[in-house]
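By convention in this document, chain letters (A, B, ...) are assigned in the order of the sequence lines, proteins followed by strands, and residues within each chain are numbered from 1.
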Protein chains: 2
Amino acid sequence: MLGLDQLFPAKESGNTKRRILEAAIDLFSLNGYSAVSVREITKQVGIKESAMYNHFKTKDDILDSIYRLFTSMSEGNGLPDEAQLKAILEHTDLETFLKQGFEIYKRTIENPLLVKIWRILNIEQYRDPRARDIILTYIYKGTIDFLEAAFALLQEQRKMNDEYSPKVLAIEYQYPIFSMMTEYLLLTFDGKETDELEDRVRSHIQYFTKYVKN
Amino acid sequence: MLGLDQLFPAKESGNTKRRILEAAIDLFSLNGYSAVSVREITKQVGIKESAMYNHFKTKDDILDSIYRLFTSMSEGNGLPDEAQLKAILEHTDLETFLKQGFEIYKRTIENPLLVKIWRILNIEQYRDPRARDIILTYIYKGTIDFLEAAFALLQEQRKMNDEYSPKVLAIEYQYPIFSMMTEYLLLTFDGKETDELEDRVRSHIQYFTKYVKN
DNA sequence: GTCTATAAACAGATAGAC
DNA sequence: GTCTATCTGTTTATAGAC
């Protein structure tokens, strides 16, 4: 997966832009865009406000860069395409496929940068159409489309029963996980334990598998 | 259910407080607390900023009143208690119970005031521990506890199979609906159609019922 | 690319007349 | 309970020296 390191090298001398972006992500994810001032961001970086404007046109331009960072990371997220998916599913059963998917998901949400941007998207989704669009397209639609394709293949291979459409199954599988993700964002915000939540995901995979596998 | 009318009578002469609250709910739900100024709120009401301070101590006091309004409404939401639940479930099967629950839920989210406050809670949940607490307590925990009690009774009555605990079943039933609720808040924000979403809830009820009823 | 200085608008909140 | 007037600090952003 693409990350901040690829897009904004830390090692190079001119890394102020990157440091501004990191500080902004930190602060926006805590208090939201509107409640954070350019002062606070540049103070955290250790530069004056005016210096920020050498790197970003406006305060909104910082937010826009955060959005673009998220979409770049999502597009390079390494989700298998149709052909790769077919190859994988040839020798994988439903439960293994879902468990592997969860492990990948877990590694994703262990990336603090990504989790912070997720929080920002959640905070800004009503105020900002750009955030709304990213959530509906990259998070909701992207995930459901992928699962729908996978389940359609698994039905073809008779590894899953076809009483329900791949879409209904994708929703039944993924929507509880979306809610758990939301809960995860809230719990980790207060530094609370998420072990029980992880167990719930495993329960859910087991429950789902039990009823729909052939 | 308790509403604004009970808590802040519209008919009485001194209804400025109520009008401030309504304007604030409108604006906060669109842009979030931090991005809305007292100026904007009072302009919408048609009074000067200083007049606001005769009704609320600070800007934050308005937000706090909104939270208190929500919890009052939730506490008077008419969810049946243990005894009432038992009486209802004596002569109701699982599918009917869930369908009736959905109809009540639908009427709830047709209340624009409640939907706006829900959005405010979503926006403020990271910045504001009060919002976080309301979401975890009133929305997540409250709903799951209620369903868990109901499913436990249905299992006792042998109307539901007991391969899974009432808690797992409550989560499997409710968590997809939480996600759909979130999607609903986003779609209605842009005035988009929610019919497909409603179908999804029906599909979900049908899917869930098929696998767990006895 | 960073700094100091400053602009111009806006923020939340208060005092006191009516 | 609403108004006008005002206070004090903060906001985003720019100009120009180094």
Side-chain angles (χ1 to χ4, degrees), chain A residues 4 7-68 120 123-124 127-128 130-131, chain B residues 4 7-68 120 123-124 127-128 130-131:
Chain A
L4 207 47
L7 297 160
F8 296 89
K11 308 266 158 73
E12 285 176 25
S13 57
N15 64 351
T16 308
K17 184 162 187 169
R18 179 199 163 119
R19 280 160 54 221
I20 294 170
L21 210 52
E22 281 179 332
I25 291 170
D26 260 341
L27 293 167
F28 291 166
S29 74
L30 290 172
N31 291 318
Y33 173 82
S34 306
V36 174
S37 65
V38 176
R39 266 212 219 338
E40 285 175 81
I41 298 168
T42 53
K43 189 177 180 180
Q44 182 151 317
V45 176
I47 56 169
K48 292 293 170 188
E49 292 158 76
S50 53
M52 187 276 283
Y53 291 92
N54 281 313
H55 301 280
F56 296 94
K57 257 192 67 165
T58 60
K59 185 192 170 190
D60 181 84
D61 187 29
I62 304 178
L63 184 59
D64 206 74
S65 296
I66 294 172
Y67 292 152
R68 278 185 277 107
I120 295 172
I123 297 170
E124 306 303 331
R127 193 187 60 84
D128 191 341
R130 292 169 298 182
Chain B
L4 207 48
L7 297 159
F8 297 90
K11 307 266 159 71
E12 284 176 23
S13 56
N15 64 350
T16 309
K17 184 163 186 169
R18 179 198 163 119
R19 280 159 54 220
I20 293 170
L21 210 52
E22 281 179 332
I25 290 169
D26 259 340
L27 293 168
F28 291 166
S29 74
L30 290 171
N31 291 318
Y33 173 81
S34 307
V36 175
S37 65
V38 176
R39 269 205 209 357
E40 285 176 81
I41 298 169
T42 52
K43 189 177 179 180
Q44 181 151 317
V45 175
I47 56 168
K48 292 292 169 188
E49 291 158 78
S50 53
M52 188 277 282
Y53 291 93
N54 281 312
H55 302 280
F56 296 93
K57 256 191 69 165
T58 60
K59 184 190 169 190
D60 181 83
D61 187 29
I62 304 177
L63 184 59
D64 207 73
S65 297
I66 294 172
Y67 292 152
R68 278 185 279 109
I120 295 173
I123 297 171
E124 306 303 333
R127 193 187 60 84
D128 191 340
R130 293 169 297 183

Expressed as a whole number of angstroms, how long is the span from B:I47:CD1 to C:dC18:P? 21 Å
Just the rounded figure in Å: distance from P of C:dG1 to NZ of A:K17. 10 Å
Run the salt-bridge test on B:R130 and B:D60 with the 4.0 Å N-O cut-off and return the result as yes or no. yes
A:H55 NE2 - D:dT14 P separation (whole Å): 15 Å
Determine yes or no for a side-chain-to-main-chain donor-acceptor pair under 3.5 angstrom, with A:K17 supplying the side chain and A:F56 the backbone. no
Between C:dG12 and B:R39, is there an OP1 or OP2 to side-chain N/O distance shorter than 4.0 Å? no
Whole angstrom is fine here: how far is it from CG in A:D61 over to C1' in D:dT14? 16 Å
For the side chain of B:V38, starting at C-beta, report the closest nucleotide among D:dG1, D:dA13, C:dG12. C:dG12
Report the distance from atom OH of B:Y53 to atom C1' of C:dT14, rounded to the nearest whole Å. 9 Å
Could you give the CZ-to-P distance, from A:R19 to C:dG1, as a whole number of Å? 12 Å
Side chain of B:E49, heavy atoms from C-beta onward: which of D:dA13, C:dG12, D:dT4 has the nearest atom to it? C:dG12
Distance in angstrom units between A:M52 CE and D:dT14 C1', rounded: 12 Å
Hey, are B:E40 and B:K43 close enough for a salt bridge, meaning a charged N less than 4.0 Å from a carboxylate O? no
Take atom CD1 of B:I41 and atom P of C:dC10, then tell me their distance rounded to the nearest Å. 16 Å
Remember a base hit wins even if backbone is also touched, and classify B:K48 as base, sugar-phosphate or nothing at under 4.0 Å, heavy atoms. base
Does a distance-only test, which skips hydrogens and angles, find a donor-acceptor pair under 3.5 Å between the side chain of A:T58 and the base of D:dT12? no
So if I take every side-chain heavy atom of A:S50 and compare against D:dT4, D:dA13, C:dC3, which nucleotide ends up nearest? C:dC3
Salt bridge (Lys or Arg N to Asp or Glu O under 4.0 Å), that's the test. Do A:E22 and A:R19 meet it? Break it down for me. CA-CA 5 Å; A:E22 281 179 332; A:R19 280 160 54 221; over 6 Å; no
Decide yes or no, distance alone: a donor-acceptor N/O pair under 3.5 angstrom between the base of C:dC10 and the side-chain of B:S37. no
Indicate, with a heavy-atom threshold strictly under 4.0 Å, whether A:V45 touches base, sugar-phosphate, or nothing. nothing
Step by step, work out the side chain to side chain contact (heavy atoms under 4.5 Å, CB included) result for B:D128 and B:Y33. CA-CA 10 Å; B:D128 191 340; B:Y33 173 81; over 6 Å; no
